[in-house]
2 protein chains.
Amino acid sequence: MSLRHAVLGLLARRPSTGYELARMFDLSLRSAWHAKHSQIYPELAKLEELGWAEVVSRGPRGSKTYALTDAGHSELRRWLVEVPPDRGQRNEGAVRLFLGQLLGPEDRRAVFERDVAYVEQEEAELRALRDDLDPDEPFAAQVDLGLRINAVLLEWLREQASRD
Amino acid sequence: MSLRHAVLGLLARRPSTGYELARMFDLSLRSAWHAKHSQIYPELAKLEELGWAEVVSRGPRGSKTYALTDAGHSELRRWLVEVPPDRGQRNEGAVRLFLGQLLGPEDRRAVFERDVAYVEQEEAELRALRDDLDPDEPFAAQVDLGLRINAVLLEWLREQASRD
DNA sequence: GTTGACATGTAACAAGTTACATGATTGA
DNA sequence: TCAATCATGTAACTTGTTACATGTCAAC
């Protein structure tokens with residue numbers, strides 16, 4: 001598991017409300033994790049119970065801003081450094097590529113073309129994002145990796161789509 | 001969801017027992033999906049109930065070989081072609097890269113070096129796999145994509161590890 | 001005869017999604 | 001005042017994991 005540590009990580013970047021976290025999962029982390037508020041709020045409660053986060057302020061609409069405690073920071077560090085990553089997770093896209101080979105030529109081409117369109121759009125979004133970013137911001141390196149992987153994927157998909 | 005369609009896809013490649021499917025999830029699909037036998041067996045029962053698969057033979061140790069029915073084949077095709085892929089799934093590796101930027105220089109380097117070692121090992125495995133494969137086999141294209149993505153990732157990780 | 005791979009299943013639990021439910025504040 | 005966005009929560013359900021439980025067959 002690890003919604004716990006994803007939340008811990010986002011709180012380390014900046015103290016936030018559950019609502020803000022839900023938006024970050026939709027925006028910054030969108031392609032890496034998607035968590036619903038219905039899971040986030042209970043998780044924040046649990047983080048508080050564990051002593052890893054605490055409410056540091058309350059806003060106008062009943063909002064509660066959470067921040068990491070010292071214990072929370074060291075737990076996050078421990079997880080990042082000491083816990084071996086769980087490789088080999090579900091990846092529907094990869095399964096589809098794998099199974100796409102079973103389709104007849106027409107269906108296969110349609111599927112690859114759909115994927116090409118998607119990756120092209122993502123590329124445009126990443127480019128726009130990168131152009132908005134200070135290149136020294138650590139996050140810029142991430143976006144750059146995304147662009148490089150997209151480029152490789154796009155080339156491969158085009159080769160596949162034009163095969164026969 | 002979609003263990004259902006992953007199983008359907010594997011059965012389309014060749015009729016198999018639950019045990020064999022569990023091994024395929026561990027081996028061929030290992031980096032894309034990991035399903036336990038405790039989930040596979042109930043899923044096979046459900047596929048049979050839906051009329052998408054059926055037992056085509058029984059082996060010595062109580063083994064049951066399942067194969068797709070016509071309805072199963074058309075459901076698989078429908079899913080691959082008509083159901084839009086669920087992009088944006090959990091990806092612990094990406095979250096870790098994202099959060100790794102929060103670490104101090106020493107921890108960060110250690111983490112990136114661990115990742116470099118992992119990707120290097122995976123690269124070696126993929127290379128060995130590719131050398132075993134007939135280059136015309138559709139699966140070879142998949143392996144090739146894996147190698148290209150690995151190469152990009154490795155380069156990026158090395159840049160990050162040697163940054164500062 | 002005993003170890004290891006083959007082979008299937010269930011039960012209890014953890015994690016994640018969908019749907020339900022409510023209310024406050026801001027801006028048009 | 002009405003709509004959109006901010007904001008939080010719970011309940012029911014689905015999916016996935018871990019642990020338990022059992023039995024067969026082949027090779028040594």
**Asked** According to a strict under-4.0 Å criterion, is A:R23 in side-chain N/O contact with OP1 or OP2 of D:dC6?
**Response** yes
**Item:** Nearest-Å distance for atom pair CZ/C1', residues A:R61 and D:dA4
**Value:** 10 Å
**Message:** Strictly below 4.0 Å: does B:Y19 bring a side-chain N or O up to OP1 or OP2 of C:dC6?
**Reply:** yes
**Under-4.0 Å side-chain N/O to phosphate OP1/OP2 contact, A:Y41 with D:dG9** = no
**Item:** Selection from C:dT18, C:dT8, D:dT18 that lies nearest to any side-chain heavy atom of B:K36
**Value:** D:dT18
**Request:** Would you confirm whether A:R114, through its side chain, and B:V81, through its main-chain N or O, come within 3.5 Å as a donor-acceptor pair?
**Result:** yes
**Asked** Okay, side chain of B:E92, backbone of A:D86: is any donor-acceptor separation there less than 3.5 Å?
**Response** yes
**Asked** Nearest-Å distance, CH2 (A:W33) to C1' (C:dG16)?
**Response** 10 Å
**Request:** Could you state the atom-to-atom distance from CD1 of B:I40 to P of D:dT15 in whole Å?
**Result:** 16 Å
**Request:** Keeping the roles fixed (side chain from B:T69, backbone from B:W52), state whether a donor-acceptor pair exists under 3.5 Å.
**Result:** yes
**Prompt:** What is the distance from NE2 of B:H5 to P of D:dT15, rounded to the nearest Å?
**Reply:** 11 Å
**Request:** Let me know the distance between CD of B:E43 and P of D:dT17, rounded to the nearest Å.
**Result:** 13 Å
**Request:** Kindly say whether A:F98 contributes a backbone atom to a donor-acceptor pair with the side chain of B:Q142 at under 3.5 angstrom?
**Result:** yes
**Item:** Euclidean distance, atom CG of residue A:L27 to atom C1' of D:dC6 [Å, nearest integer]
**Value:** 14 Å
**Fill in**
Computed from five pairs at either end and rounded to 10 degrees, the angle between the axes of the helix from C:dG1-D:dC28 to C:dA28-D:dT1 is 20°
**Request:** With DNA chain D as reference, determine whether A:S38 or A:S63 sits nearer its 5' end, using the nearest nucleotide of each.
**Result:** A:S63
**Item:** B:L145 side chain near A:L157 side chain, heavy-atom distance below 4.5 Å
**Value:** no
**Item:** Closest to the A:Q39 side chain, choosing from D:dG16, C:dT18, C:dA15
**Value:** C:dA15
**Asked** Salt-bridged, B:R87 to A:D115, with N to O below 4.0 Å?
**Response** yes
**Request:** Calculate the interatomic distance between A:E20 atom CD and D:dC6 atom C1'; express it in whole Å.
**Result:** 10 Å
**Request:** Please check if the side chain of A:E20 supplies one atom and the backbone of A:T17 the other of a donor-acceptor pair under 3.5 Å.
**Result:** yes
**Asked** Just to confirm, is there a sub-4.0 Å distance from OP1 or OP2 of C:dT8 to any side-chain nitrogen or oxygen of B:K64?
**Response** no
**Message:** Measure CG/A:L3 against P/C:dG16 and give the value in whole Å, please.
**Reply:** 6 Å
